Amino acid sequence: MQPTPTKLDSAADAMISADESLLAVKDLKTHFFTDEGVVKAVDGVNLSLKRGKTLCVVGESGCGKSVTARSILRIVPAPGRIVSGEISFQQRNGAMIDLAQTNPKGREIRQIRGREISMIFQEPMSSLSPVHTIGSQIMEAILLHLPVTRQEARKRAVSMLELVGIPRASEQLDSYSFELSGGMRQRAMIAIALACEPQLLIADEPTTALDVTTQANILDLIRDLQQASGMSVLFITHDLGVVAEIADEVVVMYLGRDVESGPVDAIFHDPKHPYTRALLQSIPRYDSRDRDRLYSLKGTVPHPFDRPSGCPFHPRCDEFIHERCNTVDPDRYAAGTAESVRCLLYSPDED
Amino acid sequence: METDASLTADGARPLLEVRNLHMQFPIKRGLLRRTVGFVHAVNDVSFSIRPGETLSLVGESGCGKTTTGRCIVRVYSPSSGQILYQQDERESVDLAQFDNRELRPFRREIRMIFQDPFSSLNPRLPILQIVGEPLRANRIASGSELEDRVATLLRRVGLRPEYIRRYPHAFSGGERQRIGIARALALNPRLIVADEAVSALDVSVQAQILNLLQDLQEEFKLTYLFIAHDLSVVEHISHRVAVMYVGKIVELASADELFANPLHPYTEALLSAVPKPDPRLRNKGVRIRLEGEVTDPSNPPSGCYFHPRCPYAQDRCQHEEPPVREIGADHWVACHFADELELRGFEAIGAGTDD
């Protein structure tokens with residue numbers, strides 16, 4: 001196992017390790033080249049994740065959050081591919097690698113998948129194999145990446161199942177995914193993902209299909225495992241309640257872009273972007289007056305083929321500036337406690 | 001059960017009264033498909049829905065809330081029990097006893113909205129036919145009159161009437177849910193059973209649909225049975241809430257009362273599991289985490305079904321099934337120790353006033 005990392009130039013290398021960042025995505029663009037046209041699913045996303053922290057990517061369906069996650073692991077399904085951008089990831093040996101430049105079927109990325117970066121998915125039933133036992137699926141990951149014997153791998157698989165709180169672990173090792181309940185399946189998937197102690201766990205809506213009580217247990221589990229192992233978590237969700245529970249940093253996405261990013265407290269208590277504010281106002285809250293009308297964003301997310309000009313949010317925005325927002329594509333600006341906001345309201349050039 | 005008469009003792013006559021409803025599904029095994037047991041999906045459920053109110057059924061998956069809803073619209077024939085529907089001022093009828101022919105007039109008045117706007121609309125039919133089908137099937141309108149009525153319905157749910165000839169694939173999830181609502185409204189129903197109607201939608205669309213449902217309720221004096229698992233949505237939309245666990249109602253009260261002052265340990269645990277949309281509340285207040293899994297309804301435990309997971313369980317809970325009883329005005333609960341336990345409501349859990 002001697003990966004040959006693609007070396008970035010030393011200036012970028014120094015800059016990234018200075019802020020202890022494990023993963024930095026810069027201006028990532030992943031487009032899908034379909035027969036009907038190009039779908040710009042991810043069209044300029046920036047995010048950075050520090051070691052041991054949790055970054056939540058939040059947005060509505062179709063905003064490109066899952067494609068961003070899949071781009072990092074280079075598992076974007078055809079006809080999609082990364083068009084431009086940079087995904088710098090610091091490997092365990094300290095070397096930096098630009099995942100966007102790797103061959104999606106090559107050795108480099110395969111040594112990172114499952115070993116350095118793991119992923120768990122929303123629907124454990126369809127992401128676990130129905131014809132292999134839970135144990136063999138965990139052992140597959142271990143045997144692929146670690147220099148151990150089958151006995152050692154089996155032992156490790158049992159201890160992984162114990163770690164994620166599956167009762168009677170050594171018996172459950174030989175059960176199939178359909179024999180487990182939804183919550184237990186998600187635990188088994190976490191056990192597979194964490195079997196090789198990755199530095200980064202990507203969790204794509206891992207609790208969306210679960211009941212609230214099970215969701216609370218799984219969130220607790222991810223948090224505990226993170227504290228014990230010091231891994232970083234990239235958590236993708238549309239549920240703002242979950243974000244508030246688990247995030248250190250938040251990136252809000254809209255139509256393939258990061259529209260606002262910052263610390264979780266700033267996003268919830270001092271949101272800058274009109275879209276972030278609208279999202280927060282649309283959730284029913286206990287403290288709001290009962291049965292009052294909820295704030296609702298007008299319109300719907302536009303079809304990816306007809307992306308609005310200028311700021312992609314302008315047709316739905318309450319603070320739309322005529323002749324500006326529909327022509328100027330906003331840059332990322334710093335504003336107060338937020339790290340960056342893509343909105344002309346915060347542009348230093350506007351009055 | 002001694003409770004069903006008093007459950008409705010509130011002055012207003014209920015639009016729908018469910019009494020001791022049971023629904024059992026046979027488990028069939030082997031070559032001869034012999035029945036080897038039963039899943040008791042709905043087990044002695046009684047409640048009533050008042051005209052113009054929204055009653056929510058909440059609980060984890062498998063608790064029987066959807067089955068209860070389907071019994072009421074008579075997709076299923078209940079194993080036993082009564083579903084008394086207030087037909088007019090004087091008369092009420094028992095829908096549980098009716099066959100399909102007798103049910104026909106009532107199928108206009110009790111309609112359903114489904115969870116998944118993608119699978120509940122026929123992809124091969126244009127909107128005109130999907131929304132117009134109940135009108136045509138009941139010979140209420142046809143031809144150009146049908147088109148006019150469908151256009152009016154579409155406008156009422158916030159869709160452009162020009163879309164009448166489009167097919168479902170051309171619409172987003174929120175728009176499809178509006179089409180489903182238009183279809184439910186076509187026959188001027190009185191009661192709408194909304195089964196997880198907003199669960200599959202994004203928050204911004206969810207807010208639009210919840211607002212629409214409330215507007216329609218006011219405009220047409222609709223009564224909703226709202227089946228959901230998202231407690232913040234339920235808190236927002238409901239007048240009263242019934243919490244179900246393994247086929248039984250364990251607590252029923254007004255939404256304000258239930259969220260502020262839960263009396264059943266299961267309700268407390270559910271409320272505590274809801275993620276609060278405020279990072280400052282993190283790690284504050286109480287966290288109640290239920291151990292284990294939801295009980296298998298084909299093999300329920302003795303006594304109180306919740307006792308294996310209940311943090312307050314005592315000996316008595318293992319042997320004796322708690323009856324549903326009224327504690328406080330119109331607050332019903334099935335727990336032996338409901339008047340002794342001091343449980344925390346949503347606010348106390350959230351605000352961390354009680355560490």
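Keep in mind it's a predicted model, so treat the numbers as computed, not measured. Naming convention: chains lettered A, B, ... in sequence-line order (proteins, then strands); numbering from 1 in each chain.
For B:Ala200, no part lies near chain A; criterion is any non-hydrogen pair under 4.5 Å. Of the two parts of A:Ile246, only the backbone, made up of N, CA, C and O, holds a non-hydrogen atom closer than 4.5 Å to a non-hydrogen atom of chain B. When heavy atoms are compared at a cutoff of 4.5 Å, B:Asp215 approaches chain A solely by way of its side chain, counted from C-beta outward. In this structure, chain A has a heavy atom under 4.5 Å from the side chain of B:Ser172, while its backbone stays farther away. Proximity to chain A (any heavy atom under 4.5 Å) is shown, for B:Arg289, by both the backbone and the side chain. Contact annotation for A:Val301: neither backbone nor side-chain heavy atoms come within less than 4.5 Å of a heavy atom of chain B.
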Report the C-alpha separation of B:Leu210 and A:Arg293 in whole Å, then their side-chain angles, then the decisive distance to 0.1 Å, and conclude whether the side-chain contact (heavy atoms from CB on, under 4.5 Å) test is met. CA-CA 8 Å; B:Leu210 287 175; A:Arg293 288 180 65 86; over 6 Å; no
Could you walk me through whether B:Gln206 and A:Ser282 pass the side chain to side chain donor-acceptor pair (under 3.5 Å) check? CA-CA 8 Å; B:Gln206 173 178 290; A:Ser282 340; over 6 Å; no
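Separation of atoms CG (B:Asp202) and CG (A:Leu279) is listed at 8.5 Å; rounding is to 0.5 Å. Between A:Tyr295 atom OH and B:Gln208 atom CD the span is 10.5 Å, to the nearest 0.5 Å.
Using modelled atom types, one finds a donor on one side chain and an acceptor on the other under 3.5 Å when comparing A:Thr213 with B:Glu60.
Between chain B and the options A:His238, A:Glu245, A:Lys298, A:Gln215, the largest number of non-hydrogen pairs under 4.5 Å is found for A:Glu245.
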